[in-house]
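I have placed the structure first, in the form of structure tokens, so that the comments after it can refer back to it.
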Amino acid sequence: MRQQNKKPVIEVKNLSARFGSNIVFEDVSFDVYQGEVLVIVGESGCGKSTLLKIMIGLQKPYAGRVFYEGRDIISASETLLKEYRQNIGVLFQSGALFSSMTLKENIALPLQTYTDLAQDKITQIVKMKLGMVNLEGYDDHYPAELSGGMRKRAGIARAMALDPHVLFLDELSAGLDPVTAVGLDDLIIKTNEALGTTMVIVTHELESIYKIAHRVLMLDKQAGGIIAQGTPAQLKGHMDDPRVKSFFLRQLPPAPAHQRFYDHK
Amino acid sequence: MTLETSKKGRTDYTISFKHEESTLFIELAGNFCLKNLTPFTNEIERKTSAARLREVVLDFSHVKYLDSAAALTFIQLRQQLAGNDVSCKLVNISDDTKGIFSVIRDEALDHPLVASEESPSGFIHQIGQSSLTISRDFVNFVTFIGEILTAFAYTLRHPTSLRGRDVLFYVQRAGVDGLPIVGLIGLLIGLIMAFMSYLQLRQFGANIYVPSLVSFAIVKELGPLMTAILVAGRSGSAFAAEIGTMKVNEEVDALQTMGFDPVRFLAVPKVLATIIVVPILTIYADLFGIIGGMIIGVTSLDLTVNTYITQSIKTITVFDIVTSLIKAAVFAGLISAIGCQRGFMVRAGAQDVGKFTTSAVVAAIFLIVVADSIFAVMLYYVKRYGTFI
């Protein structure tokens with residue numbers, strides 16, 4: 001398999017998360033390989049977002065370790081964590097663009113902070129990044145002036161500002177229309193193939209999963225951890241597990257809606 | 001000629017330059033990324049601008065890693081050289097690296113800006129815009145007062161529609177929770193007043209008038225005014241921020257679609273609670289102000305507690321107390337109404353919430369002072385002629 005000759009970038013080992021006495025997940029272990037697109041799926045409340053937050057270093061787990069290129073980020077010092085964060089990019093669920101700044105300023109912020117580049121060079125890079133997500137010309141727009149899909153794309157552009165090695169995308173296509181969602185998928189594929197960026201994505205869209213995922217990880221609330229992992233095709237073939245089945249078959253109702261409606265009339 | 005530069009870690013790179021007649025061969029090796037962008041760009045630019053060249057060949061065969069910023073730099077270098085009639089070739093680009101060049105779109109780099117709604121404009125335009133904003137603000141506020149009054153009228157006719165628990169909650173927030181600070185400020189103002197008037201009045205041996213002065217000023221003006229300003233800062237801002245955040249989260253829209261009148265649902269309990277508590281807080285502030293004055297009176301002025309209280313009571317009439325409480329209630333209505341109205345004006349974003357919260361406090365204090373001046377004139381005529389018309 002392709003991933004065997006790839007080296008892991010992020011290793012998650014025996015991770016457990018709890019809220020008080022409420023166990024979110026327990027003993028979760030997996031690797032994220034260089035250049036792969038890993039999609040995490042699961043019902044609401046199974047801990048996908050918590051897992052992502054722990055991997056980004058925003059939240060401490062109850063137990064377990066997360067390694068980035070062999071270095072533990074859970075017990076890492078603030079300096080090391082800062083260095084780690086320059087190597088990752090995060091797209092938050094709602095985009096989380098700073099509403100008081102224009103798109104240009106949003107994207108330029110990490111560049112101004114972490115590099116010693118001249119302002120005109122930064123402007124050029126910002127224009128390039130906006131071009132990458134097809135938002136050329138929107139430099140001086142405020143996030144409030146953009147549609148939901150445009151805000152997501154601008155969020156990706158900001159997350160990509162420092163050419164991170166790993167990109168985390170939370171709820172990639174949530175709340176977007178199908179056409180915009182397909183556009184985002186294409187953007188993800190293009191970025192992954194062109195820049196070799198490793199991606200960890202949380203999404204629920206089946207179509208999107210088939211299209212972008214190299215590997216899928218399925219979390220379950222009751223089981224409190226990973227119940228299945230593999231390529232989308234492998235998971236689809238793994239239909240004996242009712243939980244996997246219900247996820248992958250949910251978009252195939254017994255009869256199309258229009259039939260149900262008109263037959264009753 | 002060969003020149004080599006090396007840096008440790010992920011940012012190590014080597015650039016070798018080789019001249020062949022008017023052609024410059026540049027062999028790149030190692031990692032080229034944001035971290036070392038400035039040094040390698042400078043190094044290459046120094047070479048390409050120094051000699052007279054007709055051709056530059058950039059060899060990528062030993063490049064290990066290239067990020068998009070570095071790729072952009074090479075593309076721009078090529079454009080820049082082309083402008084100087086120097087042909088520039090990028091050769092031996094590996095398949096991995098090729099992808100990076102493909103994401104850089106020339107047309108995106110000098111794409112004209114899409115006109116933004118909030119594009120900056122000229123001086124005249126700004127004056128016009130501000131005048132419109134001010135008049136619109138005024139109309140909005142008057143309309144809102146109308147809406148609140150209608151909502152109150154509705155609540156009077158349908159008392160069960162009033163959200164009693166909300167009223168009690170805001171009574172606690174704006175009133176009970178505010179008691180310590182209102183009391184403390186009242187006490188200190190009383191102390192200061194008494195001390196200052198003592199310094200002046202002792203020149204005439206008129207210390208006995210300190211209690212009258214303090215109680216008169218506190219009950220008639222300072223008590224209501226100070227309380228109102230404190231409530232504007234504590235609760236007016238809180239109302240604006242609360243409703244503003246609800247507006248951002250589309251909670252106000254949700255209320256509307258569920259058939260609730262947002263003003264009746266959100267503003268009426270707040271306004272009612274504030275009108276209930278501010279007069280009470282004012283009495284409290286008055287009381288503490290007089291106690292503050294008494295501390296100075298008893299400790300420094302050789303007055304007994306009894307004398308001080310008698311003198312204070314002699315000065316204040318029931319009329320003063322009642323009008324001061326009415327005044328407090330009017331202030332309360334203004335503070336809470338403007339707080340809610342500014343909250344409803346929030347459109348989107350965290351910055352809007354901040355802006356309108358500030359505006360709620362500033363506008364409330366302004367309205368308090370305006371209303372107070374009107375009261376001062378009105379009460380003078382009422383007291384003198386029994387009517388102010």
Side-chain angles (χ1 to χ4, degrees), chain A residues 34-35 69 83 86-87 94 96-104 110-111 113-118 120-146 150-151 157 160-165 187 189-197, chain B residues 9-11 31-39 41-42 45 64-77 79-80 94-120 248-249 346-355:
Chain A
Q34 177 85 54
E69 295 191 329
E83 198 189 309
Q86 286 179 47
N87 286 312
S94 56
L97 292 164
F98 305 121
S99 57
S100 57
M101 298 181 184
T102 60
L103 291 197
K104 185 167 75 189
L111 290 165
T113 316
Y114 294 118
T115 67
D116 53 357
L117 299 178
D120 59 330
K121 190 83 210 176
I122 290 181
T123 310
Q124 287 299 315
I125 295 175
V126 167
K127 280 185 181 298
M128 172 183 71
K129 300 284 171 187
L130 282 173
M132 275 185 192
V133 296
N134 297 324
L135 280 177
E136 55 270 20
Y138 285 91
D139 309 36
D140 292 330
H141 277 62
Y142 284 92
E145 299 172 74
L146 304 179
M150 287 161 96
R151 247 177 269 173
M160 296 288 302
L162 294 172
D163 272 320
H165 295 144
L187 176 67
I189 295 170
K190 193 178 85 180
T191 313
N192 171 258
E193 283 175 357
L195 303 175
T197 314
Chain B
R10 272 255 174 95
T11 56
N31 302 300
F32 294 87
C33 57
L34 268 176
K35 291 260 166 69
N36 55 21
L37 193 68
T38 314
T41 315
N42 287 344
E45 274 177 0
K64 262 195 272 172
Y65 174 72
L66 191 74
D67 75 0
S68 60
L72 175 72
T73 306
F74 291 121
I75 286 185
Q76 285 184 324
L77 177 73
Q79 283 171 349
Q80 191 191 325
S94 70
D95 287 343
D96 284 349
T97 327
K98 219 171 248 166
I100 295 167
F101 284 102
S102 74
V103 297
I104 301 171
R105 294 159 50 223
D106 288 341
E107 72 268 24
L109 296 177
D110 38 36
H111 194 277
L113 293 183
V114 180
S116 166
E117 264 178 53
E118 293 176 32
S119 53
V248 173
N249 291 341
V346 169
R347 272 185 306 157
Q351 212 181 23
D352 250 17
V353 176
K355 181 175 137 194

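Letters A, B, ... are given to chains in the order of the sequence lines, protein chains preceding strands, and every chain is numbered from 1. None of these values were measured; they are calculated from a predicted model.
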Exercise for the section: Considering only heavy atoms and a distance below 4.5 Å, find which of A/Val126, A/Thr102, A/Leu111, A/Asn134 pairs most often with chain B. Expected result: A/Asn134
Fill in the blank from the handout: Heavy-atom closest pair (B/His111 atom, A/Lys127 atom, distance to 0.1 Å) is O-NZ, 4.4 Å
Exercise for the section: Specify the closest pair of heavy atoms between A/Asp163 and B/Ala69, including all atoms of both residues, with the distance to one decimal. Expected result: OD2-N, 3.5 Å
Completion exercise
Output for pair (A/Asp116 CG, B/Lys35 NZ), nearest 0.5 Å, gives 11.0 Å
Exercise for the section: Measure A/Ile125 against the heavy atoms of chain B and call it side chain, backbone, both or neither at under 4.5 Å. Expected result: both
Handout entry: Distance-minimising heavy-atom pair for B/Leu72 and A/Met128
Key = CB-SD, 3.5 Å
Problem - A/Tyr138 atom OH, neighbour heavy-atom count above 12 within 6.0 Å - result: no
Exercise for the section: Find the one option among B/Ile104, B/Leu66, B/Leu109 whose heavy-atom pairs under 4.5 Å with chain A are most numerous. Expected result: B/Leu109
Handout entry: Side-chain donor-acceptor pair present, B/Ser68, A/Lys129, cut-off under 3.5 Å
Key = yes
Practice task
Examine whether an atom of B/Thr73 lies under 4.5 Å from a heavy atom of chain A, and if so say whether it belongs to the side chain, the backbone or both; otherwise answer neither.
Solution key: both
Fill in the blank from the handout: Looking only at A/Pro143, A/Gly131, A/Gly137, most heavy-atom pairs under 4.5 Å shared with chain B are made by A/Gly137
Practice task
Mind ranking A/Gln124, A/Glu193, A/Gln86, A/Lys190 by heavy-atom pairs under 4.5 Å with chain B and telling me who comes out on top?
Solution key: A/Gln124
Fill in the blank from the handout: Heavy-atom nearest pair, A/Leu162 first then B/Leu34, reads CA-CD1, 3.5 Å
Problem - Spacing of B/Thr38 atom OG1 and A/Leu117 atom CG [to the nearest 0.5 Å] - result: 4.5 Å
